[in-house]
Amino acid sequence: MSPVQPVATEVTPASLREVMSRFATGVVVLTVGGDNPHGMTANSFTSVSLEPPTVLCCIGHSAVMHSALTRVGRFGVSVMSAEQEEITRYFADKKRPLGPAQFERLDWLPGPGTGAPLLSGALAWLECEVTAAHEVGDHSVFLGEVVSAMNGAAGDGLLFYEGRFQRTGTTPGR
């Protein structure tokens, strides 16, 4: 079997989306607290530095989360387990209620450092203070210094790969 040879094509939003779909990413729900809490599913999230502890997330300028995070300046991160696909889809749905109503039927606790909603059942949680924001195209890259980091129960991770949710399947005994 001969290897597939790469062929350069014009980079369009659609072609870039298709190529990037081959890159498996973890899935998180980003949240902000305060008087008008908000949550958003994201897979453009990563660790940047251990010293100081820093992560980044990329958020589209047109997303409600963009203005919420800019206003509040701190956020929570719930690292989603494979069993939380339904909640993850909920926070990706633009038709869900906004404000406090979007959290009414969910089990969550306010983060001790930021007050941002942290979703129960997640594999891990982070709380972050925004230290910088950089506009890049139609998104902003928000850098956040981690002010708290907590592990939840072990479980399979939720991945996004080739346009659909998948699970890691690496938890012993599963």
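Since the structure is predicted, the reported quantities are computational estimates derived from the model, not experimental observations.
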Within this structure, what is the CD-CZ distance for the pair Glu145 and Arg74, rounded to the nearest 0.5 Å? 14.5 Å
Counting the benzene-type ring for Trp, do Phe142 and Phe45 have ring centres under 6.0 Å apart? no
Indicate yes or no: at least one non-hydrogen side-chain atom of Thr41 is less than 4.5 angstrom from one of Arg89. no
Write down the atom of Ser81, the atom of Gly121, and the distance for their closest heavy-atom approach. OG-O, 3.7 Å
Sequence-distant partners of Val11, side chain to side chain contact (heavy atoms under 4.5 Å, CB included), two or more places apart: Ser15, Leu16
Interatomic distance, CG@Leu123 vs CG@Leu158, rounded to 0.5 Å, equals 9.0 Å
Is there a path of hydrophobic side-chain contacts, each under 4.5 Å between heavy atoms of I/L/V/M/F/W/Y residues, joining Tyr90 to Val27? yes
Can you check whether Leu118 reaches Met150 side chain to side chain, under 4.5 Å on heavy atoms? yes
For Gly76 versus Ala116, what's the shortest heavy-atom pair and its separation? N-CB, 3.5 Å
ILVMFWY cluster, Leu126 and Leu56 together (side-chain gap under 4.5 Å): no
So how far is it from Arg105 CZ to Asp107 CG, rounded to the nearest 0.5 Å? 15.0 Å
Considering residues at least two apart in sequence or located in another chain, which fulfil the ring pair (Phe, Tyr, Trp, His ring centres under 6.0 Å) criterion with His61? His66
Met80, Met65: one ILVMFWY side-chain cluster at the under-4.5 Å cut-off? no
Would you say Glu127's side chain and Thr114's backbone share a donor-acceptor pair under 3.5 angstrom? yes
Would Val29 end up clustered with Val130 when hydrophobic side chains under 4.5 Å apart are linked, directly or stepwise? no
From the list Leu69, Val64, Thr70, side-chain contact (heavy atoms from CB on, under 4.5 Å) with Ile59 holds only for Leu69
Minimum side-chain heavy-atom gap Phe75-Val55 below 4.5 Å: yes
Is it true that, when you exclude Glu86 itself, more than 12 heavy atoms of the residues, nucleotides or ligands shown sit nearer than 6.0 Å to its CD? no
Considering non-hydrogen atoms only, spot the tightest contact between Ala122 and Ser78 and give its length. CB-CB, 4.0 Å
Do Trp108 and Thr31 make a side-chain contact, defined as non-hydrogen atoms from C-beta onward lying under 4.5 Å apart? no
Residue pair His38 / Ser67, side-chain heavy-atom distance below 4.5 Å: no
Tightest non-hydrogen contact, residues Gly163 and Ser21, listed as N-CB, 4.2 Å
Give a yes or no on whether Met40 and Val79 share a hydrophobic cluster (residues Ile, Leu, Val, Met, Phe, Trp, Tyr; joining criterion: side-chain heavy atoms under 4.5 Å apart). yes
Calculate, to the nearest 0.5 Å, the distance between atoms OG1 and CD belonging to Thr88 and Glu83 respectively. 11.0 Å
Hey, what do you get for OG (Ser62) to NE2 (His139), rounding to the nearest 0.5 Å? 7.5 Å
Spacing of CG belonging to Leu98 relative to CZ belonging to Arg96, to within rounding of 0.5 Å: 6.5 Å
Give me the ring orientation class for Phe165 and Phe160: parallel if the planes are under 30° apart, tilted from 30 to 60°, perpendicular past 60°. perpendicular
Answer yes or no: are there more than 12 heavy-atom neighbours, outside Asp35 itself, under 6.0 Å from its atom CG? no
Can you tell me if Glu129 has over 12 outside heavy atoms packed within less than 6.0 Å of its CD? yes
